[in-house]
Amino acid sequence: MNFATETENLIKNAQLKLKKAFEEVDEIATYNQMKVLEAFQQNNIGQRHFSQTNGYGYDDIGRDTLCKLFAQVFGGESAIVSPLIVSGTHALTLALYGVLRPNDEMIAITGSPYDTLKEVIVGEGNGSLKDFGINYKQIELKDGNIDIEKTAEAISDKTKLIFIGRSRGYEWRNALTVEDISKAVGKIKELKSDICVMVDNCYGEFIQKIEPIQVGADIIVGSLIKNPGGGIAPTGGYICGKKTYVDAIAGRFTSPSIGLEVGSYAYGYKDFYQGLFMAPHTVAQAIKGSMLFGQVYGDLGFETMPKAGERCGDIIRSIKFDTQDQLINFCRAIQEASPIDSNVVPFPWDMPGYEHQVIMAAGTFVAGASIELSADSPIKEPYIAYMQGGLTYEHIKIACMYCLEKLKNQG
């Protein structure tokens, strides 16, 4: 790994510019670490909570206490945390089907939901929400922000659920901050207090000192192989918020007759507890790495989102390239700099649930874990790479040097 002096100097100069921003990230991480630590202590977490279970899982103390722990950390009344939830999309789908009923209306107020949710909401003949008579409206963002005025106009007597996507999917915009969400929730609740506000919290956990539930959201949803799993959880997802809604969703997750009373896990729960404990630190590492990429590529004249030096709303860094080859080679450099499958060469492919071919680089210990360093993109103009994660800042810094060397070799 002999990097050119020019490459090393780009990194050093960027780090000097980011010194104050890095200190702010560390301060947030310390606050969140204390919050998580106190939740562990107050729930008397011990070795007994890590035990394996099988069969129906009645009285599974590890499962039940893990749910209580997540609820306390994120400010909810109740939570579902389970390795049986296979992805963030699965968790979001469970939440939507748990809350909504025929003739209800759902409004997405952050534009189009992530690609894999579109078939869930408006698919034809596949058991979608539309098939069950649930109406759907969509409000586009206005200059990257929630259009509160149009949201207010769209709400009707039938409106049951407002959907907010905190991150950006494959969109060229900043992620929403908790303050952005707070403004929208306040206005929505003024107009119709019984609306359920649901936030797709993926990529946003532990970015700030507070979470969306603490500013009025009713339900937050996420994946355990993103931020809250700390790079240790091997699978799973969570749903957290008001008990009324969580109970309804639990009836969809298992069945209305048994809810959260069942569900065993034969491998034990230690990795989920340890992952949550590590999450504030791991997220801070990812944020610093994102800032480094943003500063370096910004200094080289590339457009990045957020812009160099701007506050991060999630762990994702978007970088706009001039050509398809630059985009593909960037993703290949991320793969080459990975600890796992560094010899693998990513190619664009027809990935299920996506409209365009997608290239994905993810040399991760947990397959597809985007709290670990990864990068992906649909192959379409504009050519934007979406880089996220990183378990250690040092690894992300080395990966950045890999990417710079490959870019330089392209001329």
Side-chain angles (χ1 to χ4, degrees), residues 39-40 42-102 116-117 120 127-129 132 161 196 198 200-202 205 213 218-226 228-230 232-277 279 366-367 369:
F40 270 72
Q42 291 167 13
N43 283 278
N44 299 314
I45 304 304
Q47 292 289 329
R48 64 191 181 279
H49 295 105
F50 306 156
S51 298
Q52 302 171 347
T53 58
N54 55 46
Y56 294 119
Y58 292 126
D59 301 317
D60 185 337
I61 189 174
R63 178 200 66 217
D64 293 345
T65 308
L66 186 63
C67 293
K68 291 177 183 176
L69 196 62
F70 266 73
Q72 181 171 337
V73 167
F74 290 140
E77 296 173 357
S78 184
I80 303 168
V81 186
S82 176
L84 306 180
I85 297 175
V86 303
S87 67
T89 297
H90 184 200
L92 290 162
T93 301
L94 287 170
L96 291 171
Y97 279 96
V99 173
L100 293 165
R101 298 290 180 267
T116 54
L117 270 183
V120 174
S128 67
L129 295 175
F132 283 91
L161 183 142
C196 175
M198 174 178 154
D200 176 355
N201 210 29
C202 285
E205 299 91 348
I213 289 175
D218 298 294
I219 292 288
I220 60 172
V221 181
S223 166
L224 298 187
I225 62 170
K226 296 184 176 69
I232 295 175
T235 185
Y238 77 90
I239 298 160
C240 180
K242 286 188 176 177
K243 188 175 186 304
T244 302
Y245 293 124
V246 173
D247 287 347
I249 296 163
R252 175 74 188 194
F253 176 43
T254 57
S255 78
S257 56
I258 54 179
L260 292 180
E261 298 298 321
V262 300
S264 62
Y265 193 58
Y267 301 99
Y269 298 98
K270 181 184 75 68
D271 289 348
F272 302 100
Y273 283 94
Q274 189 174 7
L276 178 62
F277 182 76
V366 174

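All heavy atoms count here, side chains included; hydrogens, waters and symmetry mates do not.
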Check whether any side-chain N or O of Ser223 sits under 3.5 Å from a backbone N or O of Ser87 as a donor-acceptor pair, and report yes or no.
-> no
When you measure from the side chain of Tyr273 to the backbone N and O of Phe40, does any donor-acceptor pair fall under 3.5 Å?
->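 Absent.
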Find out whether [X] and [Y] are in side-chain contact, i.e. whether some heavy atom of one side chain is under 4.5 Å from a heavy atom of the other.
X	Y	value
Leu224	Phe70	yes
Asp200	Val221	no
Glu205	Phe74	yes
His49	Tyr269	no

Distance, nearest 0.5 Å, that separates [atom1] of [X] from [atom2] of [Y]:
X	Y	atom1	atom2	answer
Ile80	Leu66	CD1	CG	12.0 Å
Ile232	Leu276	CD1	CG	10.5 Å
Thr53	Asp60	OG1	CG	3.5 Å
Lys242	Ile213	NZ	CD1	10.5 Å
Arg63	Glu261	CZ	CD	7.0 Å
Asp64	Tyr58	CG	OH	13.0 Å

Please test Asn201 against Tyr238 for side-chain contact (heavy atoms from CB on, under 4.5 Å), starting from the C-alpha separation and ending with a verdict.
-> CA-CA 10 Å; Asn201 210 29; Tyr238 77 90; 3.3 Å; yes
So which atom in [X] and which in [Y] form the shortest heavy-atom distance, rounded to 0.1 Å?
X	Y	result
Lys243	Glu77	N-OE1, 2.9 Å
Cys202	Gly222	SG-CA, 3.7 Å
Leu84	His90	O-CE1, 3.7 Å
Ala250	Leu260	CB-CG, 3.6 Å
Ile239	Ala91	CD1-O, 3.6 Å
Cys240	Ala71	SG-CA, 3.7 Å

Without placing hydrogens or testing angles, list every side-chain donor-acceptor pair under 3.5 Å for residues 92-101, not counting sequence neighbours.
residue, atom, partner, partner atom, Å
Thr93, OG1, Thr89, O, 2.8
Tyr97, OH, Gly127, O, 2.3
Tyr97, OH, Leu129, N, 3.4
Arg101, NH1, Tyr97, O, 3.3
Arg101, NH1, Gly98, O, 3.0
Arg101, NH2, Gly98, O, 3.3

Kindly determine whether Thr235 and Tyr267 satisfy side-chain contact (heavy atoms from CB on, under 4.5 Å), including the steps that lead there.
-> CA-CA 12 Å; Thr235 185; Tyr267 301 99; over 6 Å; no
